[in-house]
Every structure is written in C-alpha cells, then in structure tokens.
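Read through the structure below, which is laid out as structure tokens, and then see the notes.
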Amino acid sequence: MRIRLSRALPVAVAVLAAVAAPPVAAATADVREPVPHTAPAADHAPYIVTVREDSDPAEVADRVGATPVHVYRAVLHGFSARLNSEQVEALREMPDVETVEEDGRATGGDGFGSYRWWGSSEV
C-alpha cells in the first residue's frame, strides 16, 4: 500500500502542530496584566514602597492616588512611583506598608578602603 506524500504531509504537519503547541490558557494563566503607566509628576521624588505579601501593591498605590512606574511581585513585593509628601506620609501610616524609601543611586564603596574589614590591610 502506497501513501501519497500530498495526503500524508498535511496530516503530519497538523498532528505535530497540535502536539507541540502548548494550550494558550496554560501559557498565560499566571501572567498578570501590566499596570497602565501615565507620566508621573516630574517635580515629585521617586520612591520604592514595599508592602506585605498579602497586599496588592497596585491597590495600595491606588489608595493614595499614586501611579506606579513599576510593580514588583518577585524579589520585592511593592511598587515604585513618584510621590508627593502627602502620599509618602499616608503610605507610612498604612499597616500593610512595610517601607517607603526614596529611590537613589547605590554605590559599592570607595575602592580599596572598603576591603579593610576583611583583614587585608597589608595589601
């Protein structure tokens, strides 16, 4: 019995596509919608706010009228936003907010002097 390539090829492609492609619902089940971004006020300082694990960072930001620039849900649980002083104070008073820190540049020390605590002062 001979199988014609013109009949077998489309069937083989369809079977491979059905087996190889993951279901769309499974691929997107854990992905949350991004928070819409609007331009924050340029005269407000940027802050990083961390909230308790059982709180939604975007909802906390919404309670004080802040627009998150980023929402963190992996390493940190919180958001970054440009905040005015009233928003900062309101966040610091909320029981589900852990920290409110002004964002800034991090540095690694002043070079060679930062290693002296290791006991390598003779180097």
Side-chain angles (χ1 to χ4, degrees):
M1 178 174 173
R2 283 184 108 178
I3 300 174
R4 297 180 106 185
L5 186 59
S6 62
R7 290 185 187 171
L9 187 59
V11 171
V13 169
V15 169
L16 284 174
V19 171
V24 175
T28 60
D30 294 324
V31 177
R32 295 183 182 206
E33 289 294 317
V35 175
H37 174 69
T38 58
D43 59 335
H44 297 157
Y47 283 83
I48 296 177
V49 179
T50 57
V51 300
R52 291 184 1 205
E53 287 291 324
D54 59 345
S55 298
D56 180 24
E59 191 270 328
V60 171
D62 188 49
R63 281 192 268 163
V64 295
T67 301
V69 176
H70 299 285
V71 174
Y72 307 108
R73 290 189 171 92
V75 177
L76 293 177
H77 192 72
F79 64 94
S80 66
R82 290 191 173 270
L83 304 171
N84 61 36
S85 58
E86 292 84 16
Q87 291 169 317
V88 170
E89 288 307 313
L91 285 165
R92 286 186 173 146
E93 293 176 5
M94 290 183 180
D96 48 350
V97 173
E98 292 179 345
T99 63
V100 181
E101 299 290 333
E102 189 169 353
D103 196 3
R105 182 177 295 242
T107 61
D110 60 352
F112 295 110
S114 63
Y115 299 105
R116 292 188 186 264
W117 66 274
W118 279 4
S120 59
S121 60
E122 292 83 27
V123 175

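When a residue number appears, it is its place in the shown sequence, counting from 1. Below, all heavy atoms of this structure are taken into account, side chains as well, without hydrogens, waters or symmetry copies.
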Side chain to side chain contact (heavy atoms under 4.5 Å, CB included) partners for Thr50, two or more places apart: Leu76, Glu98, Thr99
Heavy-atom closest contact (Asp56 atom, Arg73 atom, distance): OD1-NH2, 2.9 Å
ILVMFWY clustering at 4.5 Å (side-chain atoms), partners of Val75: none
Worked check of side chain to side chain contact (heavy atoms under 4.5 Å, CB included) between Asp96 and Val51: CA-CA 6 Å; Asp96 48 350; Val51 300; 5.5 Å; no
Give the table of side-chain donor-acceptor pairs shorter than 3.5 Å for residues 83-90, with sequence neighbours excluded, one pair per line with atom names and distance.
from: Asn84; atom 1: OD1; to: Glu86; atom 2: N; distance (Å): 3.1
from: Asn84; atom 1: OD1; to: Gln87; atom 2: N; distance (Å): 2.8
from: Gln87; atom 1: OE1; to: Asn84; atom 2: N; distance (Å): 2.9
from: Gln87; atom 1: NE2; to: Val64; atom 2: O; distance (Å): 3.1
from: Gln87; atom 1: NE2; to: Gly65; atom 2: O; distance (Å): 3.3

Closest heavy-atom pair and its distance - Leu91, Val97: O-CB, 3.3 Å
Expected output: side-chain His44 to main-chain Ala81 donor-acceptor under 3.5 Å: no
Partner residues of Glu59 under the side chain to side chain donor-acceptor pair (under 3.5 Å) criterion, sequence neighbours left out: Arg63
Over all atoms of both residues, closest heavy-atom pair of Pro46 and Arg82: CD-NH1, 3.6 Å
Heavy-atom closest contact (Pro57 atom, Tyr72 atom, distance): CG-O, 4.0 Å
Pairing residues for Glu102 by the side chain to side chain contact (heavy atoms under 4.5 Å, CB included) criterion, not counting sequence neighbours: Ala45, Tyr47
